[in-house]
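Encoded as structure tokens, the structure appears first; notes follow it.
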Amino acid sequence: MKDSPARHLALQGASNFRDLGGYATTDGRTTRWRHIFRSNHLGQLTASDIEIVRALGVRSAFDFRGLEERTAGVCVVDEIAVHSLPIEPTVVAALRAELAAGKLTAPVALELMRESYRNYVRHNTHSFRALFGHLLEDRAPLVIHCTAGKDRTGFASALILHALGVADEVIAEDYLLTNQHYKRDLSSASDLPADVLDAIGSVQASYLAAAFEAVVSEYGDLETYLRNGLKLGTAERTALKARYLQA
């Protein structure tokens, strides 16, 4: 068996650029390597990074950043077509409001993170639905990202892997890889306490769990969410698997 490609690509200007390939599915197939990447933003790639991304053949980027975030770090790879699927960030503003009220603690920060994940389901399902519409148009190789590539991108990646039939524990492992690879840039939130910065600068299993709790409370179960929330019926699921899985 030949060696698998590297999952994490150690770029100088993006620390969390990873491949969603090589994961086994419950029907005995595997997610294709070098088709879907997940990353932090692509606005600080170096010249050598750009060559690596070009060599991967990445043609499309799906960007979950909000308006101000996006203008602060425009993709520097000219030939990548960027599709904006904006989910405006809310956590830092909410943290600052708690700080001003004298109520900010690490547990408060953790709960605000969990609430932001619940709101991906309650208020931003349309952005994830649009992502799957693009995935069904087969624009691979492609990259999905936000600013840090950990929260909005983490939930999107979990949904993709679920739709393809990857087991829950494998999805959780992929999600938590951010804590190994992401190099924090918290300069914009440096006024916050260190334990709060830890909460927002990392991922925790409870964050992703909160999103899936919201799936259950809003839709009943994950399969119903995929079908009714994300518009992935039997035909769409089959088409996704044909594109992004190999035997």
Side-chain angles (χ1 to χ4, degrees), residues 11-18 37-46 49-50 53 58 60-101 103-104 108-131 133-134 142-159 175 178 181-194 196-204 207-208 210-211 214:
L11 304 178
Q12 293 170 297
S15 61
N16 205 13
F17 195 104
R18 314 194 322 248
F37 298 94
R38 52 170 296 178
S39 183
N40 49 329
H41 78 88
L42 307 177
Q44 295 175 339
L45 299 184
T46 65
D49 292 340
I50 291 170
V53 172
V58 176
S60 302
F62 301 100
D63 182 355
F64 287 114
R65 293 178 299 169
L67 191 61
E68 284 186 33
E69 293 174 283
R70 214 165 54 245
T71 53
V74 176
C75 176
V76 294
V77 187
D78 294 340
E79 54 269 56
I80 291 181
V82 179
H83 302 268
S84 177
L85 306 172
I87 298 174
E88 292 293 340
T90 58
V91 170
V92 171
L95 289 169
R96 288 209 173 103
E98 295 291 334
L99 184 65
K103 297 177 183 175
L104 184 58
V108 167
L110 292 171
E111 183 52 31
L112 284 171
M113 286 297 296
R114 288 190 282 267
E115 186 67 4
S116 73
Y117 274 71
R118 295 182 193 109
N119 286 336
Y120 295 157
V121 178
R122 295 173 185 149
H123 305 308
N124 297 289
T125 286
H126 59 278
S127 289
F128 299 105
R129 184 188 309 134
L131 171 66
H134 286 295
L142 57 91
V143 60
I144 298 156
H145 74 89
C146 47
T147 292
K150 69 185 192 70
D151 300 312
R152 292 162 288 191
T153 298
F155 183 53
S157 299
L159 290 175
Y175 173 75
T178 282
H181 298 302
Y182 177 55
K183 293 184 175 64
R184 298 184 199 178
D185 175 15
L186 295 171
S187 52
S188 62
S190 56
D191 55 322
L192 299 172
V196 170
L197 293 178
D198 284 341
I200 66 172
S202 62
V203 291
Q204 298 198 12
Y207 300 169
L208 191 59

Starting at [atom1] of [X], measure out to [atom2] of [Y] and round the result to the nearest 0.5 Å.
X    : Y    : atom1 : atom2 : answer
R118 : Y207 : CZ    : OH    : 11.5 Å
R65  : C75  : CZ    : SG    : 8.5 Å
N124 : Y117 : CG    : OH    : 13.0 Å
H134 : L142 : NE2   : CG    : 10.5 Å
S127 : L85  : OG    : CG    : 5.5 Å

* Stepwise, does the side-chain hydrogen bond (donor to acceptor under 3.5 Å, both in side chains) test hold for S116 with N119? -> CA-CA 5 Å; S116 73; N119 286 336; over 6 Å; no

May I ask you to test the [X]-[Y] pair for a side-chain heavy-atom distance under 4.5 Å?
X    : Y    : value
V53  : V143 : no
K150 : H181 : no
E98  : L192 : no
V203 : D151 : yes
E88  : E68  : no
S84  : R70  : yes
Q44  : D49  : no
L45  : V77  : yes

Smallest separation among heavy atoms of [X] and [Y], with atom names:
X    : Y    : answer
L110 : A199 : CD2-CB, 3.8 Å
N40  : H145 : O-CB, 3.8 Å
Y182 : G201 : CD2-O, 3.9 Å
A156 : L131 : CB-CD2, 3.9 Å
K183 : S15  : N-OG, 2.8 Å
N16  : R18  : OD1-NH1, 2.8 Å

* **N/O donor-acceptor pair under 3.5 Å between K103 side chain and A97 backbone** =>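 Between the backbone of A97 and the side chain of K103 there is no qualifying donor-acceptor contact (under 3.5 Å).
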
* To do: Check whether any side-chain N or O of T153 sits under 3.5 Å from a backbone N or O of C146 as a donor-acceptor pair, and report yes or no.
  =>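 Such a contact is found between T153 side chain and C146 backbone.
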
* Which of parallel (below 30°), tilted (30 to 60°) and perpendicular (above 60°) describes F155 and F128? ->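 The arrangement is perpendicular - the two ring planes meet at more than 60°.
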
* Residues D63, R152: salt bridge by 4.0 Å N-O rule -> no

* Asked: Would one find more than 12 heavy atoms of other residues, nucleotides or ligands at under 6.0 Å from atom CD of E79?
  -> yes

